[in-house]
Engineer: 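Structure in structure tokens, see below.
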Amino acid sequence: MAISGRISQWKKLPLTLTELCIDTTLQCGQSFRWRKINDEWICSLRGRVVVLKQDESCLHYKSMFPNVSPSPSKDIRDEDNTDKMLYHYFDLKHDLGALYEQWSKADPIFKKLAPQFGGVRILNQDAWEALICFICSSNNNISRISSMAHKLCKYYGAFITKIGDEEYHDFPTPEALTNPKVESHLRELGFGYRAQYIANTAKIVASKPPGWLNGLRNPESPAWGAKPALDSDSDAKPVTYKEAHGELISLSGVGPKVADCVCLMGLGWSESVPIDTHVWQIAQRDYKFGKTKTKTFTKATYDAVGDHFRELWGKQAGWAHSVLFTADLKAFAKAKDAAKEVMKVKKEAEEEEDEDGSVDSPAVKVEVKVEEEVTAVEEAPRGRSKRKRAATAVVKTEDALEAKREYTVRTRSQKKAKGQ
DNA sequence: CCTAGGCCTTTAAA
DNA sequence: ATTTAAAGGCCTA
């Protein structure tokens with residue numbers, strides 16, 4: 001494989017799946033730039049391309065740097081701080097097992113769901129990247145947000161290296177997005193109304209003093225590469241979560257939810273709980289938040305839900321929230337797959353009957369219960385190979401249906417409330 | 001303080 | 001086939 005930069009060997013970090021599960025953590029909607037290729041995760045990160053894979057006991061990683069290093073003759077090991085970078089990125093100083101125990105103790109609902117979703121961890125992302133990506137997230141879905149994030153890197157980020165035919169670029173700086181043509185270009189690229197938000201926010205941030213955004217960090221969670229303040233200027237009073245949140249809201253395209261995402265995933269405010277439509281649904285369905293006075297979701301409701309979770313889960317409420325959020329996403333995806341699988345089986349059954357030209361097939365045209373259709377498929381095998389295929393489909397479908405039923409039960413109460 | 005409507009684009013249902 | 005709704009919201013009136 002052709003690589004234009006310098007590549008490190010595989011290294012490893014002892015780490016259990018309870019402490020970190022990259023499969024869930026990297027695709028639960030926190031970060032939008034990781035891509036999975038076979039069993040490896042790959043992403044450009046702070047000037048290098050990082051590849052990750054995980055087994056029972058270790059996180060394996062390697063990194064690729066650009067060729068234009070300060071001293072090309074120097075051994076890569078002297079400057080490769082990827083181990084420390086990942087330790088910071090995954091915030092591994094926290095004992096996740098202990099946190100899960102604490103949250104389970106405080107909340108029976110968490111306790112029930114958590115065992116299936118271990119190793120979900122809040123990433124310590126670059127604040128600027130989080131800010132722009134979550135501006136993109138409004139009224140949007142994960143796959144489209146991801147493609148937008150990649151376009152930003154592709155057109156505005158510094159080139160890092162090429163692997164095969166794929167070029168890797170870093171996430172763009174604010175300055176790189178201040179060009180007057182950015183807004184119209186991003187619109188052409190399909191960003192929609194978010195193009196303006198991004199352009200405006202880039203201008204605002206670029207006009208602030210350097211380090212302004214990271215100045216909103218939780219002091220207990222310093223930025224990557226930040227030098228510990230030597231003799232700190234005593235007039236700089238520490239920022240609070242609420243203050244940081246308020247500052248972010250003043251930016252373009254940033255409301256309470258996006259501000260909380262940046263606080264939690266970019267600025268180290270672990271008590272921040274972003275309330276999006278999913279979390280709001282969880283709050284209504286599982287935490288009795290349905291009977292508020294106002295029907296629509298107001299700022300007051302937003303704060304009330306956040307405060308409730310902060311009281312329930314404590315200091316690291318944002319982390320606990322992400323576990324439940326992940327659980328809901330997975331259940332939702334499973335139910336969706338189930339629906340697809342059912343359609344597929346339907347189609348197969350239909351095709352088989354067409355092949356035979358048999359007439360006794362009322363099941364496919366009439367709206368009936370899916371369970372009955374599955375039975376119909378099972379009883380309809382005629383040739384050997386067809387029988388096998390049908391049997392496999394049934395097995396897969398039963399799992400899928402189970403997931404769908406489970407999700408439906410969980411969401412029923414909410415649908416009822418909506419109907420009134 | 002609360003509410004309604006509009007906004008870009010894509011996808012899946014209806 | 002067209003239309004509607006929803007997808008991890010925000011902004012303006």
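By convention in this document, chain letters (A, B, ...) are assigned in the order of the sequence lines, proteins followed by strands, and residues within each chain are numbered from 1.
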Engineer: If I take atom CD in residue A/Gln30 and atom P in nucleotide C/dG8, what distance separates them, rounded to the nearest angstrom?
Structural biologist: 15 Å
Engineer: Would you classify A/Cys133 as touching base, sugar-phosphate or nothing, given that sugar-phosphate means primed atoms plus P, OP1 and OP2, and contacts are heavy atoms under 4.0 Å?
Structural biologist: nothing
Engineer: Look at the side chain of A/Glu129 and the backbone N and O of A/Leu45, then say whether any donor-acceptor pair between them is shorter than 3.5 Å.
Structural biologist: no
Engineer: Report the residue (A/His321 or A/Ser252) whose heavy-atom-nearest nucleotide on DNA chain C is the more 5′ of the two.
Structural biologist: A/His321
Engineer: With a 4.5 Å cut-off on side-chain heavy atoms, are A/Gln116 and A/Lys330 touching?
Structural biologist: no
Engineer: From B/dC8, C/dG8, C/dA7, pick the nucleotide closest to the side chain of A/Gln281?
Structural biologist: C/dA7
Engineer: Please classify the nucleic acid contact of A/Ile275 as base, sugar-phosphate, or nothing, using heavy-atom distances under 4.0 Å.
Structural biologist: nothing
Engineer: Under 4.0 Å, counting only non-hydrogen atoms across every strand here, what does A/Leu251 touch: a base, just sugar-phosphate, or nothing?
Structural biologist: sugar-phosphate
Engineer: With ring centroids as reference points, do A/Tyr287 and A/Phe309 lie under 6.0 angstrom apart?
Structural biologist: yes
Engineer: Can you tell me which nucleotide in B/dT3, C/dG8, B/dC8 comes closest to the side chain of A/Arg144?
Structural biologist: B/dC8
Engineer: Base, sugar-phosphate, or nothing for A/Ala300, non-hydrogen atoms under 4.0 angstrom?
Structural biologist: sugar-phosphate
Engineer: Could you measure between the two P atoms, the one in C/dA6 and the one in B/dA4, and give it in whole Å?
Structural biologist: 16 Å
Engineer: Centre-to-centre under 6.0 Å for A/Phe325 and A/Phe117, is that the case here?
Structural biologist: no
Engineer: Please figure out whether A/Leu329 or A/Gly253 has its closest DNA chain C nucleotide nearer the 5' end.
Structural biologist: A/Leu329
Engineer: Tell me which nucleotide, if any, is Watson-Crick or G-U wobble paired with C/dG8 when both distances must be under 3.5 Å.
Structural biologist: none
Engineer: How would you label the contact of A/Gln196 with the nucleic acid (heavy atoms, under 4.0 Å): base, sugar-phosphate, or nothing?
Structural biologist: nothing
Engineer: When only distance counts, do a donor and an acceptor, one from the side chain of A/Lys257 and one from the base of C/dG9, lie under 3.5 Å apart?
Structural biologist: no
Engineer: Quick check on B/dC8: is either OP1 or OP2 less than 4.0 Å from any side-chain nitrogen or oxygen of A/Arg187?
Structural biologist: yes
Engineer: Is any side-chain heavy atom of A/Leu177 closer than 4.5 Å to a side-chain heavy atom of A/Thr201?
Structural biologist: no
Engineer: Among the nucleotides C/dG8, B/dC8, C/dC10, which one has an atom lying closest to any side-chain atom of A/Val258?
Structural biologist: C/dC10
Engineer: Considering only side-chain heavy atoms of A/Asp276, which listed nucleotide, B/dT3, C/dC10, C/dG9, is closest?
Structural biologist: C/dG9
Engineer: How long is the line joining CD1 of A/Ile145 and P of B/dC8, in whole Å?
Structural biologist: 17 Å
Engineer: Aromatic rings A/Trp103 and A/Trp319: how do their planes relate, parallel, tilted or perpendicular, breaks at 30° and 60°?
Structural biologist: tilted
Engineer: Calculate the interatomic distance between A/Phe297 atom CZ and B/dA4 atom C1'; express it in whole Å.
Structural biologist: 17 Å
Engineer: Look at the side chain of A/Tyr193 against the base of C/dG9 and say whether a donor-acceptor pair falls under 3.5 Å; ignore hydrogens and angles.
Structural biologist: yes
Engineer: A/Ile122 has an atom CD1; how far is it from atom C1' of C/dG8, in whole Å?
Structural biologist: 13 Å
Engineer: Heavy atoms only, 4.0 Å cut-off, all strands: where does A/Pro256 land among base, sugar-phosphate and nothing?
Structural biologist: sugar-phosphate
Engineer: Tell me the interatomic distance from A/Ile135, atom CD1, to C/dG8, atom P, rounded to whole angstroms.
Structural biologist: 18 Å
Engineer: Take the protein atom NZ of A/Lys299 and the nucleotide atom P of C/dC11, then report the distance between them rounded to whole Å.
Structural biologist: 13 Å
